Structures are given as structure tokens and as C-alpha cells.
Amino acid sequence: MIQITNLSKSYGSNKALDDVSLELSYGIYALLGPNGAGKSTLMNILTLGLLPDSGEVLWQGQSIEAAGRDYRAILGYMPQQQGLYDGFSGSDFLYYIAGLKGIEKAWLPYEVERVAELVNLRERLRDKISGYSGGMKQRILLAAAILGDPTVVILDEPTAGLDPKERIRVREIIEDMSGYKIIITATHVVSDIETIADEVILLKNGVIAGSGSPEELCNKLDAPDGLESVYMKVFEE
């Protein structure tokens with residue numbers, strides 16, 4: 001379980017997160033909100049890329065900062081920004097990430113093949129990343145995130161730049177691996193998460209504006225047309 005308690009983070013006078021509290025157990029959690037809502041800030045804190053100004057994040061009852069390497073060992077992260085090495089092949093990149101994750105050498109070829117197959121890049125692993133399309137770069141980042149079968153998977157806008165077929169494939173991958181994992185995916189595209197999310201967390205100006213299953217949110221907000229109308233009521237009215 002991940003417990004987030006009274007989490008706040010500011011950048012100068014801009015409060016990106018304001019007293020956010022959540023409890024996350026196994027399932028798919030969708031952070032839904034417009035750009036600037038605080039989604040990436042929350043994810044950066046959860047991945048130890050940022051420290052909060054106040055509040056704490058606990059994993060299995062221990063601060064994630066104190067857990068350090070043990071927490072990182074069960075964590076998979078796909079950032080929104082494509083920080084890739086263009087001179088690497090897809091295979092080079094995945095082997096490099098696998099090494100950072102401490103995956104046993106004996107298992108590396110099988111694990112790289114497994115995740116490449118999942119994201120439909122197996123036939124392009126020897127190609128240089130510089131020749132990848134934007135969508136292919138998104139998929140290699142997703143493959144890197146799920147190397148080693150992590151328990152906590154954090155995906156920041158995982159379908160950005162993908163065509164409709166690839167978006168469906170990514171949704172299917174997320175749903176298929178959900179089992180005994182905490183999967184947190186941030187998006188501002190309702191269709192990406194409406195059919196797969198166990199819980200949707202509406203984030204607006206750094207504050208949780210609502211949470212619940214898609215059905216619960218639609219009922220609470222009298223939105224019979226689905227999450228799209230929930231989004232419009234919360235973020236556009």
C-alpha cells in the first residue's frame with residue numbers, strides 16, 4: 001500500500017499540490033486533469049524525483065525516502081518527457097535500464113524480449129532510437145518502465161503521441177498487467193482510462209476535486225454520458 005498524507009509542493013508562489021491525501025492499494029488509478037493540475041508533480045514525488053514541501057509518502061508503512069533502494073526496486077516509471085539516448089539502439093537502451101534496475105544478467109535477454117514484444121517493438125530493437133517515431137519512443141519508454149515486473153508502475157501521459165491503434169494497445173497492456181500491482185497513470189484524455197481505471201482521481205489546481213470509480217463519479221456528478229461529461233463539469237465549467 002502507498003499512503004499519501006497532506007502532501008504539498010510549491011514552485012515560488014505557484015502551489016502545484018495543496019494538502020493531497022490518498023491511499024493506494026492494488027489496482028489501476030487514473031490521475032485525470034488538465035495540464036498544470038499537479039499530476040506530474042505528484043508523480044515526481046512518488047518516484048523520488050522531487051521532495052515535497054510538507055506531508056509524506058509511505059510505502060508499506062515506511063517513508064519512501066527512507067526505503068530508498070528497496071522502494072526503487074519495486075518501482076517502474078515512464079516519464080512524460082522523452083529523455084532517450086538517440087545513439088542507442090532500442091535493445092541497448094533496454095539493457096541499460098535493466099542494468100540500472102539490477103535485473104540478473106542471466107534473465108536480461110528474456111526480459112528485454114518480453115517487454116519489447118508487449119509494446120510491439122521486437123522487430124525494431126536493433127534500430128537506433130534516433131530513427132524512432134514519437135510513438136515508438138513512447139513505447140520504448142513504456143517497455144523500460146515495466147522491465148523487471150515492478151509492483152508499483154507510474155505512467156505519465158503514456159499514450160501521448162500514439163496513433164489510435166497504439167493507444168488501444170497501451171491500454172490493453174496496462175489492463176493486462178494490473179493484477180497485483182499499483183498502477184498510476186496520469187492523463188488529460190478521458191478515453192485513455194475510462195474503460196480500465198478502478199479509481200479515477202480528479203486533480204484540479206493541485207487539489208483533489210473528486211475520486212471514485214468511473215461509475216461512482218458519473219453518479220455523484222449527475223453525468224450520465226460518462227467520464228467525458230464529468231471532465232467538462234469539473235474542469236471546463
Side-chain angles (χ1 to χ4, degrees), residues 1-9 16-17 20-52 55-60 62-65 67 71-81 101 115 118-119 138 141-160 167 170-204 206-214 216-217 227 231:
M1 178 178 284
I2 293 177
Q3 294 171 292
I4 300 167
T5 307
N6 305 124
L7 208 63
S8 293
K9 179 68 179 179
L17 294 176
V20 168
S21 294
L22 294 165
E23 285 195 359
L24 310 174
S25 55
Y26 294 139
I28 299 174
Y29 295 85
L31 286 176
L32 185 61
N35 292 330
K39 303 187 301 295
S40 292
T41 296
L42 178 56
M43 290 191 155
N44 280 323
I45 290 172
L46 290 174
T47 56
L48 296 172
L50 279 176
L51 291 175
E56 62 180 356
V57 180
L58 303 180
W59 170 67
Q60 307 290 53
Q62 183 181 23
S63 160
I64 59 173
E65 289 92 351
Y71 176 67
R72 287 188 177 92
I74 56 91
L75 181 66
Y77 176 47
M78 177 183 174
Q80 184 176 357
Q81 289 77 24
K101 289 188 172 188
V115 298
L118 276 175
V119 300
Q138 284 295 100
L141 284 170
L142 177 59
I146 60 179
L147 274 168
D149 198 24
T151 307
V152 178
V153 180
I154 298 177
L155 309 171
D156 195 352
E157 301 282 359
T159 60
R167 296 178 89 94
V170 167
R171 288 201 298 269
E172 289 173 346
I173 293 167
I174 294 170
E175 188 170 27
D176 288 347
M177 71 181 180
S178 59
Y180 294 103
K181 296 183 188 298
I182 298 172
I183 299 176
I184 306 165
T185 179
T187 185
H188 60 279
V189 181
V190 172
S191 60
D192 283 347
I193 51 87
E194 186 160 20
T195 60
I196 65 170
D198 296 302
E199 183 170 342
V200 177
I201 299 159
L202 304 174
L203 201 58
K204 182 178 183 180
V207 175
I208 295 175
S211 65
S213 70
E216 287 169 343
L217 285 173
L227 274 184
Y231 189 96

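All figures in this text were calculated on a predicted structure; none of them were measured in a lab. Just so you know, residue 1 is the first one in the sequence shown, and it goes up from there.
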What pair of heavy atoms forms the shortest contact from [X] to [Y], and how long is it?
{"X": "G210", "Y": "L217", "result": "C-CD2, 4.2 Å"}
{"X": "P214", "Y": "A197", "result": "CD-O, 3.6 Å"}
{"X": "P158", "Y": "A186", "result": "CD-O, 3.7 Å"}
{"X": "I28", "Y": "E175", "result": "CD1-CA, 4.0 Å"}

List the residues meeting side-chain contact (heavy atoms from CB on, under 4.5 Å) with [X], not counting sequence neighbours, and say none if there are none.
{"X": "A73", "answer": "none"}
{"X": "L58", "answer": "Q3, E56, S63"}
{"X": "Q62", "answer": "A66, A67"}
{"X": "V189", "answer": "R167, T187, S191, D192"}

[atom1]/[X] to [atom2]/[Y] distance, rounded to the nearest 0.5 angstrom?
{"X": "I196", "Y": "I174", "atom1": "CD1", "atom2": "CD1", "answer": "4.5 Å"}
{"X": "S211", "Y": "L31", "atom1": "OG", "atom2": "CG", "answer": "11.0 Å"}
{"X": "L50", "Y": "L42", "atom1": "CG", "atom2": "CG", "answer": "10.5 Å"}
{"X": "I182", "Y": "I2", "atom1": "CD1", "atom2": "CD1", "answer": "4.0 Å"}
{"X": "I4", "Y": "I208", "atom1": "CD1", "atom2": "CD1", "answer": "7.5 Å"}
{"X": "I183", "Y": "M177", "atom1": "CD1", "atom2": "CE", "answer": "4.0 Å"}

side-chain contact (heavy atoms from CB on, under 4.5 Å) between Y77 and N44, intermediate numbers included | CA-CA 10 Å; Y77 176 47; N44 280 323; 3.3 Å; yes
For the residue pair [X] and [Y], establish whether any side-chain heavy-atom pair is separated by less than 4.5 Å.
{"X": "E199", "Y": "E216", "result": "no"}
{"X": "I193", "Y": "L227", "result": "yes"}
{"X": "E65", "Y": "P52", "result": "yes"}
{"X": "V170", "Y": "Q138", "result": "no"}

L17 and I45: CA distance, side-chain angles, deciding distance, side-chain contact (heavy atoms from CB on, under 4.5 Å) verdict:
CA-CA 11 Å; L17 294 176; I45 290 172; 3.8 Å; yes
Test item: [X] side-chain N/O and [Y] main-chain N/O as donor-acceptor pair under 3.5 Å:
{"X": "K39", "Y": "L203", "result": "no"}
{"X": "K204", "Y": "G33", "result": "no"}
{"X": "S21", "Y": "N6", "result": "yes"}

For E157, the side chain to side chain donor-acceptor pair (under 3.5 Å) test, sequence neighbours excluded, returns H188
Taken in chain and number order and not counting sequence neighbours, the residues that satisfy salt bridge (Lys or Arg N to Asp or Glu O under 4.0 Å) with R72 are none
When D198, V200, T185, I201 are each screened for side chain to side chain contact (heavy atoms under 4.5 Å, CB included) with Y29, the one that passes is I201
Please tabulate, for side-chain N and O atoms in residues 141-154, each donor-acceptor pair with protein atoms closer than 3.5 Å (sequence neighbours left out).
unit_1: D149; atom_1: OD1; unit_2: K181; atom_2: NZ; d: 2.6

